[in-house]
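Here is the structure we will look at.
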Number of protein chains: 2
Amino acid sequence: MKTTQNISVAVDAIVFGYQKDQGVSILLIKRKYAPFKGKWAIPGGFVKEKESLEFAVERELKEETGVKIDYLEQLYTFGKPNRDPRNRTISVAYFGIVNAGKFQKLQANTDAVDAEWFPIKNLPILAFDHRQILTMAIERLRNKMTYEPIGFELLNQRFAFSELEDLYSTLLDRPVDRRNFKKKVIKLGILEELDEKAPRTGAGRPGNLFQFNKNAYDRLKNDGMHFEI
Amino acid sequence: MKTTQNISVAVDAIVFGYQKDQGVSILLIKRKYAPFKGKWAIPGGFVKEKESLEFAVERELKEETGVKIDYLEQLYTFGKPNRDPRNRTISVAYFGIVNAGKFQKLQANTDAVDAEWFPIKNLPILAFDHRQILTMAIERLRNKMTYEPIGFELLNQRFAFSELEDLYSTLLDRPVDRRNFKKKVIKLGILEELDEKAPRTGAGRPGNLFQFNKNAYDRLKNDGMHFEI
DNA sequence: TATATTTGCGTCATTATTACGCAAATAAGA
DNA sequence: TCTTATTTGCGTAATAATGACGCAAATATA
């Protein structure tokens with residue numbers, strides 16, 4: 001018993017990236033058309049009738065920014081009656097990550113005059129209710145990285161331990177004791193220590209590269225292991 | 001730039017209730033119309049153009065079951081292209097709780113021939129992809145009650161400590177040491193012990209009633225306290 | 001009055017957490 | 001070359017949290 005609706009369905013994607021110098025950044029596009037023409041916005045667009053929500057997200061990201069995502073999960077659905085001045089639109093927001101190796105070159109197309117990475121410490125004014133969406137996404141990232149190993153998605157596949165430490169301390173915004181942090185993470189048993197030194201950046205004793213071992217994590221998780229940082 | 005869509009937007013509500021003898025139950029309705037006529041389903045329906053998603057949930061619950069909810073939060077949005085055989089429908093699922101005192105009398109109206117509470121240990125076959133939604137909701141309840149005080153929403157405002165213990169041990173499906181559990185919960189500092197004995201049920205030493213102190217919880221949480229059970 | 005049941009309060013061993021100390025390996029400057 | 005600043009690696013010790021369990025007190029029921 002369908003009543004005649006006139007509600008549009010969109011998807012939006014908050015995509016996180018990380019680099020040691022910039023910190024955590026978010027991918028935004030500059031809107032080409034009204035409303036909010038010229039304002040920065042989260043990439044996204046309307047869902048086509050035959051495609052899944054996830055497919056729509058990846059398609060829009062490709063079209064608007066050329067970026068291919070490494071991790072994707074649903075964030076929240078925003079549906080207030082007046083969030084889009086044109087007509088009623090509900091937007092299913094997704095949460096994505098690209099790893100540091102693919103902090104890719106951006107290419108703008110269809111809906112965007114421009115696409116750019118913005119450090120979360122220095123965000124522009126955003127179109128629609130996108131600021132609210134973004135705030136929720138950052139909150140999700142902060143929380144989730146403490147109880148699931150998604151922090152690794154932000155780094156290169158192989159990383160120096162100090163990068164992991166830096167990621168956690170800056171994002172959680174609290175000092176982390178280097179020695180205790182390492183003991184804790186190593187004891188989880190989900191990292192592999194490689195036989196290769198990390199590329200040097202200035203002074204200091206050289207350290208090995210590490211990589212996340214997803215198989216080990218899945219196995220341990222299955223045995224009731226509890227990831228927490 | 002809206003492309004012409006033909007997608008319907010619905011909301012569904014997984015509503016949990018609890019009673020010591022039944023365990024945790026979920027509110028379902030028997031469908032009155034095709035598709036899945038006569039099958040059990042999660043209450044819900046199409047969103048009206050001018051109402052918020054939350055309003056739609058409460059309206060549908062009222063219409064279909066007469067139940068008024070004590071706790072409500074968004075669960076997940078289900079949007080696979082063929083989840084509704086009629087036409088493309090995306091459904092924003094919500095997660096609700098009614099407390100034990102209001103394990104209310106049910107009244108069926110509009111869309112439902114009948115509405116009933118089903119213990120989660122004994123669920124019927126469900127319409128659409130509702131089984132999947134329900135599974136996710138139960139998972140959410142299980143997880144969330146370990147790191148946020150939503151378990152109390154399932155009990156009466158004033159409860160015996162053994163009820164809380166029973167709720168956690170049955171829902172988490174693991175034995176809970178009564179003495180350690182109590183020590184842990186009391187130490188959180190979010191319960192008020194009343195000067196009144198709990199109503200007797202059979203033998204055993206009588207114990208006081210307790211109630212959740214939301215103000216204390218908010219205060220402590222603000223000071224960085226970490227709820228975990 | 002005896003027995004089963006439930007609550008209340010405790011102890012003790014084990015494990016996790018936190019705060020540090022300090023030496024080794026490097027780059028850069030004197 | 002020698003010194004200094006920087007970063008890594010490996011540790012110890014005090015404190016806090018967890019988990020396993022003992023046992024008495026207060027009740028209903030047989």
Side-chain angles (χ1 to χ4, degrees), chain A residues 20-21 145-147 149 155-156 158-170 172-211 220-221 223-229, chain B residues 19-21 145-147 155-156 158-170 172-211 220-221 223-229:
Chain A
K20 185 127 185 179
D21 45 338
M145 63 190 295
T146 68
Y147 62 86
L155 303 176
N156 282 304
R158 302 145 81 245
F159 53 86
F161 214 94
S162 57
E163 297 180 81
L164 186 67
E165 183 204 326
D166 180 74
L167 175 63
Y168 272 84
S169 66
T170 58
L172 299 182
D173 199 30
R174 57 162 131 114
V176 167
D177 182 276
R178 187 173 39 82
R179 298 151 290 186
N180 291 336
F181 178 78
K182 184 167 180 184
K183 261 187 297 186
K184 195 171 197 172
V185 176
I186 292 294
K187 199 170 52 175
L188 291 173
I190 60 179
L191 288 190
E192 238 173 290
E193 185 165 2
L194 303 178
D195 231 4
E196 191 178 339
K197 295 291 173 206
R200 317 290 358 277
T201 68
R205 175 173 172 171
N208 283 335
L209 287 172
F210 289 80
Q211 69 183 17
L220 289 168
K221 186 181 177 183
D223 292 352
M225 164 260 225
H226 185 54
F227 182 99
E228 191 173 0
I229 290 181
Chain B
Q19 271 190 329
K20 184 128 186 178
D21 45 338
M145 63 192 294
T146 68
Y147 63 86
L155 303 176
N156 283 304
R158 301 145 82 246
F159 54 86
F161 214 93
S162 57
E163 298 180 80
L164 187 66
E165 182 204 326
D166 181 73
L167 174 64
Y168 273 84
S169 66
T170 58
L172 299 183
D173 199 30
R174 56 163 132 114
V176 168
D177 183 276
R178 186 173 39 82
R179 297 152 289 187
N180 291 335
F181 179 77
K182 184 167 179 182
K183 261 187 296 186
K184 195 172 198 172
V185 176
I186 290 296
K187 200 170 49 175
L188 291 173
I190 60 178
L191 288 191
E192 239 172 290
E193 183 164 6
L194 302 178
D195 232 3
E196 191 177 338
K197 295 291 173 205
R200 316 290 359 277
T201 67
R205 175 172 171 173
N208 283 335
L209 287 171
F210 289 79
Q211 69 183 15
L220 290 168
K221 186 181 177 184
D223 293 352
M225 163 260 224
H226 184 55
F227 182 99
E228 189 171 3
I229 289 182

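Below, chains carry the letters A, B, ... as their sequence lines are ordered, and counting in each starts from 1. Keep in mind it's a predicted model, so treat the numbers as computed, not measured.
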For the pair made of [atom1] in [X] and [atom2] in [N], what is the distance, rounded to whole Å?
{"X": "A/Ile186", "N": "C/dA16", "atom1": "CD1", "atom2": "C1'", "answer": "17 Å"}
{"X": "B/Arg178", "N": "D/dC23", "atom1": "CZ", "atom2": "C1'", "answer": "11 Å"}
{"X": "B/Arg179", "N": "C/dT6", "atom1": "CZ", "atom2": "C1'", "answer": "12 Å"}
{"X": "A/Glu165", "N": "D/dT6", "atom1": "CD", "atom2": "C1'", "answer": "13 Å"}
{"X": "A/Asp177", "N": "D/dT8", "atom1": "CG", "atom2": "C1'", "answer": "13 Å"}
{"X": "A/Phe181", "N": "C/dA16", "atom1": "CZ", "atom2": "P", "answer": "18 Å"}

Phosphate OP1/OP2 of D/dG9: any A/Lys182 side-chain N/O under 4.0 Å: yes
Can you check whether [X] reaches [Y] side chain to side chain, under 4.5 Å on heavy atoms?
{"X": "B/Phe161", "Y": "B/Leu191", "value": "yes"}
{"X": "B/Leu164", "Y": "B/Phe181", "value": "yes"}
{"X": "A/Met225", "Y": "A/Ile190", "value": "yes"}

Heavy-atom donor-acceptor pair, B/Asp177 side chain to B/Arg179 backbone, under 3.5 Å: yes
Those residues of residues 195-210 of chain B lying under 4.0 Å from DNA chain C by at least one heavy atom: B/Ala203, B/Gly204, B/Arg205, B/Pro206, B/Gly207, B/Asn208
Nearest atoms (heavy-atom pairs only) where [X] meets [Y]:
{"X": "A/Ala160", "Y": "A/Leu209", "answer": "N-CD2, 3.9 Å"}
{"X": "B/Tyr168", "Y": "B/Met145", "answer": "OH-O, 2.9 Å"}
{"X": "B/Lys184", "Y": "B/Glu228", "answer": "CE-O, 3.8 Å"}

Exceeds 12 heavy-atom contacts within 6.0 angstrom, atom NZ of A/Lys197: yes
Could you list, one pair per line, each protein nitrogen or oxygen that sits under 3.5 Å from a nitrogen or oxygen of nucleotides 13-19 of chain D, together with the distance?
none

